[in-house]
Each structure stands twice: as structure tokens, then as C-alpha cells.
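Heads up, the thing below is written out as C-alpha cells.
Order of appearance sets the numbers: ligands from 1, and atoms from 1 within every ligand.
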Amino acid sequence: MIVLMISLMQYALAYELDVNTFSNYLDVQNRHLHLEWLLNMDKKYINSTSSYRFQVVGRSINKITLDIYKLNIYSTYLQNGLSLSHTIDNPYEDSDQGSRLNIQLDKTYYKGQYIELSIKYSIDSKSRSISFMTKEQTSTKTMPYIFSQCEDANCRALAPLQDTPTVKQTYTATVIFKDTEAADVFMSADESKEEFQVLYRPKDQAGFTWKYKYFIQKVPIPSYLIAIVAGNIKKVPTSTGGRTFLVSEPDKTEAYTAELKDMEQFMQAIEQYIGPYTWGTYTLVIQPASFPIGGMENPLLTFANPTIMTGTGSGLDVTIHEMAHSWFGNTITCVNWANMWINEGFTVFLERKASLFHYQIPDEIKLNAIIGNTSMYQDMLGFGLDSNFSSLHPDTTGLNPDDSFSKIPYEKGYQFLAYLESIVGEADFKQMLRAYLVQYKYQSIDQQEFQNFLLRYLYEKQVDDFSTKRYKILENWNKWVYSPGLPPVILDFSTPKLAEAYDYTTAYITADGQQPTKWQNYFTFLHSQKQVFLEDLFKQAQNNLLKINVINQMDKDLKLTEEKDFELKFRWFRAILTAGDKTRFTQISDFLGSVGRGKMVYPVYRALNQLDHDFAVKTFKNHEAFYHPIAKNNIKNILGLKENIIQ
Ligand code: BES
Ligand code: ZN
């Protein structure tokens, strides 16, 4: 009995720590957050009061420390009115991780007790979470626009928080805004039928009235899933089924809803594999073009980049991916950013299961895995094959965890799960994942806990050959997780479609500026096959095998410079710039000024910078105002403009 208790205690204490938070979250944890936000969208600031219900989980405490990044803190006080003193310090000299807000409590609080306190503060345009856009930067050009992006450690730029995925809390919010500055506001929460008590009601003035919206997220979530969008935006249903919706600027509604008509079917394809969607509704926000990433799985309210709307449905895998996060990431969450594959690897795994149900083409999934593997390998080369950032367990002590962001948690994580599935068997693996979701619902865990669960599950289910399976699972586990570089086991995703794509490149290169006989094959390629071909073209360019006459012939035949699908277009531009082509700079500059999605602009800036640094810098300066702060900072780094500090 005593042995059991000790081992259970170790169990409970065994989760990994989060090195990227300054909060004392092992002593005290927030259970509920209430935000009252007064938006000043034109003037680019938000006046805010945040209120917390903290519970002591350690033995005793007399202070609470929170993460902040460039927030203006005005006062801290207990909800009974008693003012509390606070200080701010920077544990690391380089403030990229932000600062620490230390709140001195009025007395010692003991395990189990609650502390209800509030903070008055404001957010301004220095925020790296909120993008404040002028009306000129939107599509309808009628109202300013704001959106947030919190993952991974940017939530501290939205509110003083325990900015760690370990801590989950429910949240409510009151958002107050001028009817002339926003047609509507949405958060990653349900709209509340109940109105909350409001601390400060601004007075109406001539020309506008203040509007109030109330939100409630009753599921405990990590702080990186708090999100807001406001502007001239409109919400409409996308398909029958009643639970999927689109939010976008009104001039885009019609085209987007047409392309999103199968959203309900996507959801059903995922549910067929993993079980019911339990969050209620699902809304996709198509953001303005400066949105810095492809998609973000804010609960009930996914944000996505307009490049996913290609007109052909080819970008919708991003929607399936973000939907799949409702299970992996949002229901079960990684305990820290070193375990990001607990979110992303599992999500890619589920995404590929569901897109198989949907598209019915196994080759498409295989090719996606191959493309993913290629970009993972490029990221590894970027970090160094022996860097721990090339492992499934990067160490980001003292850094912004974003610095370790790469395709590795996605693709190595995916491959690891595909490998485990091959040991366990498809049917048992699926049941295991379903049971895992039940077991850890609304919790945050690390990879060791997943291993414990997997082995326990197989043992309890008395699966055939348990001891052999156990041996195989454990044999390479630590190599998969901790070793840098390519996985210890190479999986086979080969398909004849791959050779077809490579042969196509070869045909063009050997035709040496003439039209190869099978040039029209491109138009029958799978979308992923086109990407493989363009990736291959880039490789040929790196090896000095792509000549300008070949580029010109291809462009004449395939119209790639005019391509509307940016997933293809950015690969084309990267390949031709790497080949030394300087004749399409105007189109490339236009492209770089019309999309802010990092995946698409960073590789093109990298290639442009190598070919013509001055033109790359000039192009960036031309478009600088258009980019999101995160993208701006990354592009500056690529171009060697050195400033690390986000402006
Ligand atoms: N959760 C991620 C986005 C993210 C990860 C933001 C880490 C900040 C830090 C999201 O689910 C995602 O993976 N988006 C991808 C698209 C997806 C289809 C692979 C993206 O934005 O490219
Ligand atoms: Zn993801």
C-alpha cells in the first residue's frame, strides 16, 4: 500500500516543468479569468481589467508572479478593494521572453485557498499578440481591424497570465467597442446570454455608440487559446448541419462560403475516426492577408489565412488540421513547448486519417507525408542535424519558444505515431487514442505520460503479443523523442506518383528550353504531386541544374508566375530565384506584398536575399507596414536587419 502511494505520488509530480514561464504556477494556479476590454481600434490601444480566481496548489504563498510582455500595468488589487503592491523585473536580459510581474499578497495563503484579484492595464501597438490594422489594410477599407495570435508564448502580450500550457482555466469576457470601429467582435468562446457586471461604462458621444458583447468559455483552456477578432466582419453558416460557420469581411462571404460547403463533412470524417466533437459549434475566421500563419486552432473559432481559399478547395487541409486540434491540443494539451508534438504530431496524424476518409486517395496522404518530411529535413539542416532543436524535445530555456518552431513536432511526431500504429495495429491504435482522450480530457500532459498510458492500455486490453509489442515500443522510444536528426526508423511512404513528378522535372530539364512531349501531364497531377514537382525544381536549382530557358518554357506552358494558388506559387518563386532568375522581380515583389503567411514569404525572402540583398531589403521596406509584428521580425532576421526586438 505504501509503495503504491509513493509511486502514485511520483506519478502526480512527474510532469515536466515549463521553462518558458516566469509564473509561480507550481504554487498557485488560475481557475477562472474575466477580461473587461474597452477597444480603441482607431487609436490602437485596449483598456483592460483582468480578474482572476487563483487557487493555492503548493503549501503556502505570499506572492503571485505572472508573465507580461510590453503591457502597461496600472494597478493590482484584491477584489474586495484592497490595493496590492507590484514590481516588474526581467529575469533574462534579452526581454524576448517578456517580463515578470510580481504581486505581493496581503498575507500568506495556504493550500486549497482561493485568491481573487484584479489588474488594470492597457495593450498598445507594441503588442506582439494583437495586430492593430488600419482600415486601409483591410479588404472593405471601411473600419479598422484587430486580431490576436497567442500561440505559443504571446498571450503574455494580451493579459498578465500564467502563460504556460500546463495551467488551464475557464474564461469570460466583456468587450466594449464603438459601432463605427467594428461591425462585430468574436472570441474563442461562446456568446454569453447573461450580461456580466461592467466596471467602467464609457459615455456615448456624437457620431458613435458603444456596443457590448459578452463571452463565456466554460471548458478549461490553456492561455494560448484565448483569442479575439474585431472589425467589419460578419458571421454566416457554411453548410447544412447547423454547427459550422464562417466569419470574414462581408465582401468575401459569398466566395468563401461556396468553397467551404463541405465543412460539415470534414467534421464528420474526423468524428468517424476519433469520436464526437464536444465543443458545440465550429467557426472558421478567414483573416486579412497579413495573418502570419496558415491556421490557428482557437477553440470554437479557428483563425486562418486567406491563402487557404484557392477557389479549388486545395487549401482546405488546413481547415481539417485545425478542426483536428479540437481533440489534440485543445482537449489534451502539451505540458510545455518542448512537448509540442503532443499537440501537433497527434493533430497531423488525425488530419491525415480524416483527409483519407474525405479524399479517398491514399497517394495524396503519402505525398503529403513526403512533402512534410522534406520540409522537416530542411528545418533540421537549418538548426543543424545534431542540434536539440532537431529533436522532438527542444530545450528553449531562456528563449522565446517560437525560436524552436519548425516542422519537426509535426512530421517527426506524425512519423512516430505512424510507427507506433504499425506496431500496435490500426484498430487497437484507434481505440487507444479514443481511450487516451477520455482519460486526459481537459488536462495537460508530457510524452512520458503518453508512453505510460499506451503501455497500460495495451496491457489492460490484453492485446495479442503484448510483451513483443511492449519491447518494440520501448526499443526506440527515447531515440525518437530525444535524438536530433532524422528518425531512428525510416518509414516508407513511397508511391508511383512520386516518380511521375520527378520524371516530369527531368523531362523539362532535358528538353533544355523546348516543350517536352508530356508537358500537359501537370494538369492531371494531384495537388500534392504539383508541390513535389516544384520542390524538386528547387532542388535542381540548388544544384545549378535549372536553367533560365527551362524556366521560361515552363512558365509559358504552366503559367506559374500567374498562379492563383499560393501554395504552388511560393515554391515556384523560391525555385526560380534560387536558379538566379532576375526577370520576374515585379511579380515577386507584388506577391510578397500581398501575403503575410510566414511559410510562404520566408522562403521567398531567403532566396531573394541570396540573389539580390538590396532588392530584398527594398521590397521589405515597401511592404513593411503590411506585415504582422511576428512576420516583420522574422523577415528582418532573414535579411540580417539584426534587430531582435519587435517594434
Ligand atoms: N497550432 C498551429 C499554429 C502555431 C504553432 C502557431 C506554433 C504558433 C506556434 C496550427 O495548428 C498549425 O499547425 N498551423 C499550420 C497549418 C497546418 C495545416 C500545418 C500553419 O499555420 O502553417
Ligand atoms: Zn497545428
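- Residue Glu151 touches ligand 1 through backbone and side chain together, judged by heavy-atom distances below 4.0 Å.
- Below 4.0 Å from some heavy atom of Gln149 lie the following atoms of ligand 1, by number and element: 6 (C), 8 (C).
- Summarising the geometry, atom CD belonging to Gln149 is positioned 6.5 Å from atom CG belonging to Asn298; distances are rounded to the nearest 0.5 Å.
- By the 30° and 60° cut-offs, the orientation of the rings of Tyr92 relative to Phe22 is tilted.
- Nearest-residue assignment for atom 14 (N) of ligand 1 (options Gly295, Pro409, Gly294, Pro292; heavy-atom criterion): Gly295.
- For Ser290 and His628, the side-chain atoms include no donor-acceptor pair closer than 3.5 Å.
- Of all the N, O or S atoms in Glu344, the one closest to the Zn ion (ligand 2) is OE1.
- The side-chain contact (heavy atoms from CB on, under 4.5 Å) test with Phe328 is passed by exactly one of Ile342, Asn343, Leu437: Leu437.
- At a heavy-atom cutoff of 4.0 Å, ligand 1 is contacted by no atom of Glu411, backbone or side chain.
- Taking every non-hydrogen atom of Phe405 and a distance limit under 4.0 Å, the qualifying atoms of ligand 1 come out as 5 (C), 7 (C).
- Listed here is the closest heavy atom pair of Arg434 and Gln272: NH2-O, 3.2 Å.
- Residue Asp317 has no N or O atom closer than 3.5 Å to an N or O atom of ligand 1.
- In terms of protein heavy-atom proximity, atom 13 (O) of ligand 1 is closest to Tyr410 OH, 2.6 Å.
- Taking the six-membered ring where tryptophan is involved, the planes of Phe383 and Phe389 are perpendicular, since the angle between them exceeds 60° and thus also 30°.
- The protein atom (non-hydrogen) at minimum distance from atom 16 (C) of ligand 1 is Glu322 OE2, 3.9 Å.
- Proximity to Glu297 (heavy-atom distance under 4.0 Å) selects the following atoms of ligand 1: 1 (N), 2 (C), 10 (C), 11 (O).
- Listed by number with element, the atoms of ligand 1 under 4.0 Å from a non-hydrogen atom of Lys407 are 19 (C).
- The two atoms that bring Gln217 and Ser188 nearest to each other are NE2-O, 3.0 Å, heavy atoms only.
- In this structure, the ring of Phe416 has its center no less than 6.0 angstrom from the ring center of Phe450.
- The closest non-hydrogen atom to atom 2 (C) of ligand 1, taken over Lys599, Met600, Met296, Glu344, comes from Glu344.
- Trp341 has its ring centre no less than 6.0 Å from the ring centre of Tyr410.
- With the Zn ion (ligand 2) at the apex, His321 NE2 and His325 NE2 define an angle of roughly 100° (rounded to 10 degrees).
- Nearest non-hydrogen protein atom to atom 7 (C) of ligand 1 is Met340 CE, 3.1 Å.
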